[in-house]
Enquirer: 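I'd like to ask you about the structure that follows.
Just follow the structure's listing: the first ligand is 1, and inside any ligand the first atom is 1. These values consider heavy atoms only, across backbone and side chains, with no hydrogens, waters or symmetry-generated copies. Small disclaimer: the values here were computed from a predicted structure and weren't measured.
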Amino acid sequence: MNKTIFERIAAKEIPANLVYEDEHVVAFRDLHPQAPTHILIVPRKPIPRIAEATPADHALIGHLLLKAAEVAKQVGLTNGYRLVINNGRDGGESVPHFHCHILGGRPMTWPPG
Ligand code: AMP
């Protein structure tokens with residue numbers, strides 16, 4: 001299977017503006033930011049989307065969400081932020097490698113588009 005673009009970023013085969021990494025996850029700035037701060041946090045393991053995560057991924061997904069909160073704090077999103085996980089076509093997913101968006105730096109609206 002071809003590597004996803006996010007696997008290649010995690011492996012440093014293609015450049016990205018990294019803000020955090022550990023043995024399980026990598027966080028980097030989104031190429032097309034939708035808010036003043038827009039960061040993606042992805043597992044190194046190429047899980048295509050949350051619908052395809054398994055019980056074996058339980059700890060990894062928990063770790064990723066806790067690190068998302070740490071990254072948000074690290075980059076100074078003290079007024080709050082939004083975490084977004086797009087799943088499948090109707091969810092607006094465009095990269096088939098599980099990722100959580102961290103969006104902040106402006107008030108978010110509801111309902112989302
Ligand atoms: P989604 O629509 O939820 O699948 O989100 C994919 C996100 O990946 C979009 O916000 C894109 O702007 C972002 N993206 C795609 N390629 C790159 C890249 N090479 N570096 C950083 N962000 C990217």
Side-chain angles (χ1 to χ4, degrees):
M1 269 257 289
N2 289 338
K3 283 187 187 174
T4 67
I5 192 159
F6 293 167
E7 266 183 285
R8 297 187 66 203
I9 287 174
K12 302 208 169 77
E13 292 171 7
I14 58 173
N17 191 340
L18 259 60
V19 295
Y20 176 80
E21 66 178 318
D22 64 25
E23 64 180 312
H24 301 295
V25 300
V26 178
F28 51 93
R29 306 267 175 191
D30 197 291
L31 208 52
H32 304 290
Q34 302 300 316
T37 298
H38 187 173
I39 293 166
L40 302 173
I41 184 164
V42 314
R44 292 185 185 276
K45 178 180 175 182
I47 300 166
R49 58 193 59 80
I50 191 66
E52 286 170 54
T54 73
D57 300 317
H58 181 107
L60 175 57
I61 302 292
H63 177 76
L64 184 146
L65 287 175
L66 289 171
K67 287 299 170 187
E70 276 185 30
V71 167
K73 188 172 180 186
Q74 175 193 317
V75 299
L77 296 177
T78 50
N79 288 336
Y81 51 88
R82 181 169 291 173
L83 301 182
V84 173
I85 297 169
N86 295 326
N87 186 94
R89 192 180 56 192
D90 280 2
E93 173 200 305
S94 62
V95 177
H97 182 130
F98 175 67
H99 51 281
C100 176
H101 298 254
I102 304 166
L103 295 148
R106 63 166 170 83
M108 298 294 147
T109 58
W110 195 263

Enquirer: Strictly under 4.0 Å, does any heavy atom of G92 approach an atom of ligand 1?
Expert: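 The answer is yes, since G92 has a heavy atom less than 4.0 Å from ligand 1.
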Enquirer: Which atom pair, heavy atoms only, marks the closest approach of G104 to A35?
Expert: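 For G104 versus A35, the nearest heavy atoms are O-CB, 3.5 Å.
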Enquirer: So, do L18 and F28 sit near enough that their side-chain heavy atoms are less than 4.5 Å apart?
Expert: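 Side chain of L18 against side chain of F28, heavy atoms only: contact under 4.5 Å found.
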Enquirer: Treating E93 as the side-chain partner and N87 as the backbone partner, does any N or O pair qualify as donor plus acceptor under 3.5 Å?
Expert: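 Looks like no, no N/O pair under 3.5 Å.
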Enquirer: Just by modelled atom types, is the Y20 backbone N or O under 3.5 Å from a matching donor or acceptor in the Q74 side chain?
Expert: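 Side chain of Q74 to backbone of Y20, a donor-acceptor pair under 3.5 Å: no, none is there.
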Enquirer: Has ligand 1 got any nitrogen or oxygen that is less than 3.5 angstrom from a nitrogen or oxygen of H38?
Expert: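 H38 vs ligand 1: no N/O contact under 3.5 Å.
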Enquirer: When only distance counts, is N86 in polar contact with ligand 1, meaning an N/O pair under 3.5 Å?
Expert: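 Yes; at least one N/O pair falls below 3.5 Å.
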Enquirer: Using the side-chain hydrogen bond (donor to acceptor under 3.5 Å, both in side chains) rule, pick out the option among H97, E7, E21, H24 that qualifies with R44.
Expert: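 The option that passes is E21.
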Enquirer: Would I85 count as a contact residue for ligand 1, given that I'm defining contact as a non-hydrogen atom of the residue lying under 4.0 Å from a ligand atom?
Expert: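 The answer is no: ligand 1 sits nowhere under 4.0 Å from a heavy atom of I85.
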Enquirer: Note the single closest protein heavy atom to atom 18 (C) of ligand 1, along with its residue, its atom name and the distance in Å.
Expert: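 Nearest neighbour among protein heavy atoms for atom 18 (C) of ligand 1, to 0.1 Å: L31 CD2, 3.7 Å.
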Enquirer: Taking side chain as C-beta onward, heavy atoms only, is I41 less than 4.5 Å from L83?
Expert: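 Not in contact.
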Enquirer: What are the two closest heavy atoms between L64 and C100, and how far apart are they?
Expert: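 In this case the closest contact between L64 and C100 is CD2-CB, 3.8 Å.
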Enquirer: Looking only at distances, please establish whether an N/O atom of ligand 1 is found under 3.5 Å from an N/O atom of I5.
Expert: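 No.
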Enquirer: Please name the pair of heavy atoms, one in I102 and one in A72, separated by the smallest distance, quoted to 0.1 Å.
Expert: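 Looks like CG2-CB, 4.1 Å.
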Enquirer: I need the contact type for I14 against ligand 1. Using non-hydrogen atoms and a strict under-4.0 Å cut-off, is it side chain, backbone, both or neither?
Expert: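 It is neither part, as no heavy atom is under 4.0 Å.
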Enquirer: For atom 10 (O) of ligand 1, which candidate among L40, I39, D30 holds the nearest heavy atom?
Expert: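 Closest candidate by heavy-atom distance is D30.
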Enquirer: For Q34, state whether at least one heavy atom is located under 4.0 Å from any atom of ligand 1.
Expert: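 Q34: no contact with ligand 1 (<4.0 Å).
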Enquirer: Does the N or O separation between F28 and ligand 1 drop below 3.5 Å for any pair?
Expert: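 F28 vs ligand 1: no N/O contact under 3.5 Å.
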Enquirer: For F98, which part has a heavy atom under 4.0 Å from ligand 1: side chain, backbone, both, or neither?
Expert: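 For F98, no heavy atom sits under 4.0 Å from ligand 1.
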